[in-house]
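Below, chain A is the first sequence line, B the second, and so on; all start at residue 1. Treat the numbers as computed from the prediction; the structure is a model and nothing was measured.
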There are 2 protein chains.
Amino acid sequence: MSIPSETPSDLPAPSIGDRIVQAIRRDIFDGVLASGSRIKIRDLAVRYAVSEMPVREALRQLEGEGLLDAQPHRGATVVAIDETFIRNVYEMREALSGMVAAAAATRATASEREALRAAMVAHERAAETGDDDAILTADRNFHAILDRMAANPVADRAMAMGRGLTESLRARCGFGGDRRAQTVAEHRALVAAIVAGDARGAELFARVHVAAARADLLRQFKATAG
Amino acid sequence: MSIPSETPSDLPAPSIGDRIVQAIRRDIFDGVLASGSRIKIRDLAVRYAVSEMPVREALRQLEGEGLLDAQPHRGATVVAIDETFIRNVYEMREALSGMVAAAAATRATASEREALRAAMVAHERAAETGDDDAILTADRNFHAILDRMAANPVADRAMAMGRGLTESLRARCGFGGDRRAQTVAEHRALVAAIVAGDARGAELFARVHVAAARADLLRQFKATAG
DNA sequence: GCGCTTAGTTTGTGATCACATTTTACGTTC
DNA sequence: GAACGTAAAATGTGATCACAAACTAAGCGC
């Protein structure tokens with residue numbers, strides 16, 4: 001009769017389809033499923049050792065997310081993850097991050113401000129160590145809090161795919177030069193503006209932050225992948 | 001052997017699933033499927049006179065688009081289309097429209113500029129007649145050209161759902177006061193900035209345009225629906 | 001030798017069946 | 001009478017089968 005001390009929202013056993021969605025998404029990001037390549041349902045079914053049904057549903061969902069291009073009776077292809085695609089994703093993220101930052105500066109409660117600052121500090125600690133995995137995790141947490149402050153799940157959903165993509169690219173291509181230290185400085189400016197309730201400044205700093213990240217990642221991408 | 005004089009991209013017979021996606025989406029926008037209501041696969045299957053299979057795929061895709069909230073083994077519910085949801089959609093559209101306008105001002109070719117101006121004039125003609133359906137069609141065409149100029153399909157996809165929603169709401173709630181004339185004036189300012197290659201001005205005018213549309217639509221929505 | 005046609009294969013799509021989970025309703029017990 | 005537990009119905013999920021459309025390649029005619 002003991003009430004399980006889990007997260008408040010009890011999760012009702014994820015279905016196989018959901019698991020396949022995550023698996024395919026990860027394989028696309030990691031390049032296991034080459035960008036631009038054709039996706040065959042039966043192949044994926046045997047690869048993930050499941051029936052064709054969960055794969056079909058997963059493909060539909062990923063098509064909705066924009067990771068697959070599907071045409072009736074002709075199957076699906078992985079979207080081309082090239083320089084222009086990355087640029088487009090970042091262009092969108094820049095606009096949305098600016099909006100999120102401005103909203104956060106306007107709507108933030110005191111406890112949220114404190115949580116954001118704590119996440120910023122945690123990120124700085126990770127940056128000092130130079131452990132890229134830890135940096136990525138801390139950065140994800142920082143921006144998750146920021147997104148929550150903006151209280152716009154519609155925009156969150158639009159940004160979700162881009163976040164996953166860029167995070168995976170970072171893990172593969174790494175950071176360039178003094179990008180880690182720059183990120184820390186940009187976060188500080190952003191948090192200062194949000195804490196001060198300066199929506200315009202927060203938007204500006206957020207956009208600068210994303211633009212700088214884009215420039216660095218594109219440089220790393222071209223240097224690594226070609 | 002006559003080559004069919006169709007659109008250049010030959011469309012390979014849309015599947016039933018695709019048709020169901022459009023049908024459900026329309027029914028959600030039109031309120032036939034009440035916002036927040038539970039979706040049952042079997043019900044929809046009989047409603048649209050198809051098997052359960054296409055419905056399942058359609059639900060997955062609509063979940064990816066953000067129109068449905070799904071939980072494993074508990075089915076899907078229509079997202080709550082209330083004031084805050086509309087506000088969130090418009091908040092995102094404002095940011096993305098600004099980005100699109102800036103990109104269009106930067107990248108536009110001469111012929112694209114001319115096409116945009118022509119679409120603007122067509123919209124003005126429609127606005128003079130006061131025929132809301134014609135206005136919506138002309139407005140859709142105007143923004144379609146604008147989106148194409150920005151050449152960012154990733155952002156396009158993110159905006160697609162919002163466009164469909166607001167268009168449907170417009171058809172239901174109508175325009176308020178002198179909103180039709182205001183729209184014409186805002187379009188003129190936006191086009192002037194784009195033609196002049198003024199990215200910053202284009203972004204500003206686009207955001208003002210969306211913000212004004214949001215304010216008017218929310219007023220109409222509250223007056224009409226509740 | 002080149003192009004079109006046509007048969008064969010592959011592959012996406014739709015339908016039906018079987019099962020697991022959830023939800024609802026009823027009955028029991030304190 | 002309320003709360004818990006259990007049985008039954010409803011419903012989402014997974015698997016297999018059957019069909020149709022698209023791609024491939026071989027065969028035929030020019």
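- A straight line from CE of B:Met53 to P of D:dT13 spans 12 Å, rounded to a whole angstrom.
- OP1 or OP2 of D:dA15 has at least one side-chain nitrogen or oxygen of A:Ser51 nearer than 4.0 Å.
- Between A:Asp216 and A:Arg170 there is a salt bridge, since at least one side-chain N of the basic residue sits less than 4.0 Å from a carboxylate O of the acidic one.
- In this structure, B:Arg172 places its CZ atom where more than 12 heavy-atom neighbours from other residues, nucleotides or ligands lie under 6.0 Å away.
- Per the geometry, NE2 belonging to A:His73 stands 7 Å off P belonging to D:dA21, to the nearest Å.
- Atoms CE and CG, on B:Met120 and B:Leu146 in that order, are 12.0 Å from each other to the nearest 0.5 Å.
- A straight line from CZ of B:Arg60 to P of D:dG12 spans 13 Å, rounded to a whole angstrom.
- With hydrogens and angles ignored, no donor-acceptor pair closer than 3.5 Å exists between the side chain of B:Arg56 and the base of C:dG14.
- The distance between atom CG of B:Leu59 and atom P of D:dG12, rounded to the nearest whole Å, is 8 Å.
- At a threshold of 4.0 Å, the pair B:Arg87-B:Glu83 counts as salt-bridged, since one of the basic side-chain nitrogens sits closer than that to a carboxylate oxygen.
- Geometrically, A:Arg26 does not engage A:Phe29 in a cation-pi contact defined by less than 6.0 Å to the ring centre and at most 45° from the axis.
- B:Ser15 comes within 4.0 angstrom of sugar-phosphate atoms only, judged by non-hydrogen atoms across all strands, and of no base.
- The environment of A:Arg117 atom CZ is sparse: at most 12 non-hydrogen atoms of other residues, nucleotides or ligands sit within 6.0 angstrom.
- When the P atom of D:dT13 is taken as reference, atom CD of B:Glu57 falls 13 Å away, rounded to whole Å.
- Residues A:Pro72 and B:Glu52 each lie close to DNA chain D; by heavy-atom proximity, the contact nearer the 5' end of the strand is made by B:Glu52.
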What does the list of N/O pairs under 3.5 Å between the protein and nucleotides 6-11 of chain C look like, with a distance for each?
| unit_1 | atom_1 | unit_2 | atom_2 | d |
| --- | --- | --- | --- | --- |
| C:dT11 | OP1 | A:Lys40 | NZ | 2.9 |

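- When each of C:dT13, C:dT16, D:dG14 is scored by its nearest atom to the side-chain atoms of A:Pro54, the top-ranked nucleotide is D:dG14.
- The nearest whole Å value for the distance from the CZ atom in A:Arg74 to the C1' atom in D:dT24 is 15 Å.
- The aromatic rings of B:His187 and B:Phe142 lie parallel to each other, with less than 30° between the two planes, well short of the 60° mark.
- Going from atom CD1 of B:Ile16 over to atom P of C:dG12 covers 17 Å, rounded to whole Å.
- Residue A:Ile20 contributes atom CD1, which lies 12 Å from atom C1' of D:dG14 at whole-angstrom precision.
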